Number of protein chains: 2
Amino acid sequence: MRIGELSKNTGFQVETLRFYEKQGLISPVGRTESGYREYDQESLKQLHFIQQAKSVGFSLNEISELLTLRVERDQHSCSEVKTIAEQKLVQIESKINELNKMRDALHKITDACCGGPEPATSCTILNALDNV
Amino acid sequence: MRIGELSKNTGFQVETLRFYEKQGLISPVGRTESGYREYDQESLKQLHFIQQAKSVGFSLNEISELLTLRVERDQHSCSEVKTIAEQKLVQIESKINELNKMRDALHKITDACCGGPEPATSCTILNALDNV
DNA sequence: CTTGACCCTATAGTAGACTTTAGGGTTTAT
DNA sequence: ATAAACCCTAAAGTCTACTATAGGGTCAAG
């Protein structure tokens, strides 16, 4: 399968696939005489893996690490994999907490504002942002 | 007050202050003969405003917009301000939702993993990321 | 045998929010 | 008077994850 077909089968754009190759995430099985990349089912599987990993919040660097573990499964322990996953979980949760705090703070000052057509001369939102 | 003192009083790095000036967020009251920026209490207030706005999730572009409203309070209505705040609230909430989904998905596959010292040959996390 | 779809490389650009570098004046304390 | 600390500008670099551009081969169909 050439890159265009791989693109259709995975939803990743052709440029993205070449970019992922440069990042070391995937690589073609070989090249045709004319230099075209050739891919097989394994590439397809790897890209599905990448899609899934992205969807649960892993960065490309982290995915690269996970792909290594995936390929070298027998040389690595479950705990190694779980540790990475748990770290990501902590990161996601701390982002959620941060955003929750933002939402609450913003909610509070937004609720206090009348939102009416009158000039914002003493707008509670602007005032709230003023007073530290 | 020169830029170094403003930096100390606000916690923003000197380079960041100059960067903010380039972005149109702040500007010195004037310059000394030798070209040094000079700031007053208003700069301090603006930077506190910026800090607060950042802390509730506004981007620099949005803060720039808010600063304009802040300065031209009488020419703008409360509803203008509130609209911006509410839009941001919606954005923050949708980010939270997205992260919640990620957390749940990751939680599910992480919980299923034993996390033990055995090889990751049939690690449930790696498998989960494999199977779309 | 030519046209269009497809492929290649290398390099640059995008967004956001800064940080770093290079090169060079000014002020202040000793 | 000199060294440290501080200030200036312009331009380039950082990070993430791509996207776009320029310029140029290859393959299948008509």
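Fair warning: this is a prediction, and the values are worked out from it, not measured in the lab. Each chain gets a letter, A, B and so on, in the order its sequence line appears, and its residues count up from 1.
Remark: P of D:dT16 and NZ of A:K95 are 12 Å apart, rounded to the nearest angstrom. Separating the CG atom of A:N61 from the C1' atom of D:dA17 is a distance of 10 Å, rounded to the nearest angstrom. We find that CZ of B:R31 is positioned 14 Å from P of C:dT26, with the value rounded to whole Å. Rounded to whole Å, the distance from CZ on B:R18 to P on C:dT21 is 15 Å. When rounded to the nearest whole Å, the span between CG of B:L60 and C1' of C:dA17 equals 6 Å. Rounded to an integer number of Å, the gap from CD of A:Q91 to P of D:dT16 is 12 Å. At whole-Å resolution of the value, CD in B:E21 and P in D:dA10 are 11 Å apart. Whole-Å rounding puts the A:F19 CZ to D:dC15 P distance at 13 Å.
At least one donor-acceptor pair under 3.5 Å links the side chain of B:S7 to the backbone N or O of B:F12. With hydrogens and angles ignored, the 3.5 Å screen pairs no side-chain donor or acceptor of A:S77 with any backbone N or O of B:P117.
Each of B:S34 and A:I3 was assigned the nucleotide of DNA chain C with the nearest heavy atom; the assignment lying further toward the 5' end belongs to A:I3. Nearest-nucleotide assignment on DNA chain D puts the 5′-proximal partner with A:Q13, out of A:Q13 and A:Y36.
One finds no side-chain N or O of A:Y20 lying less than 4.0 angstrom from the OP1 or OP2 phosphate oxygen of D:dA17. Distances shown here put every side-chain N or O of A:T16 at or beyond 4.0 Å from the OP1 or OP2 atom of D:dA17. Distances shown here put every side-chain N or O of B:K22 at or beyond 4.0 Å from the OP1 or OP2 atom of C:dG16. Considering only side-chain N and O atoms, A:Q23 lies nowhere under 4.0 angstrom from the phosphate OP1 or OP2 of D:dA17. For the OP1/OP2 pair of D:dC8 and a distance below 4.0 Å, the side-chain nitrogens and oxygens of B:R37 include at least one atom meeting the criterion.
Because its NZ or CZ atom is not both nearer than 6.0 Å to the ring centre of A:Y36 and within 45° of the ring axis, A:R31 does not count as a cation-pi partner of that residue.
B:L89 CG to B:I92 CD1: the interatomic distance, rounded to the nearest 0.5 Å, is 6.0 Å.
B:F49 pairs in a side-chain contact (heavy atoms from CB on, under 4.5 Å) with only one of the listed residues (B:I26, B:L25, B:L66), which is B:L66.
Here A:R2 lies in heavy-atom contact (under 4.0 Å) with sugar-phosphate atoms only.
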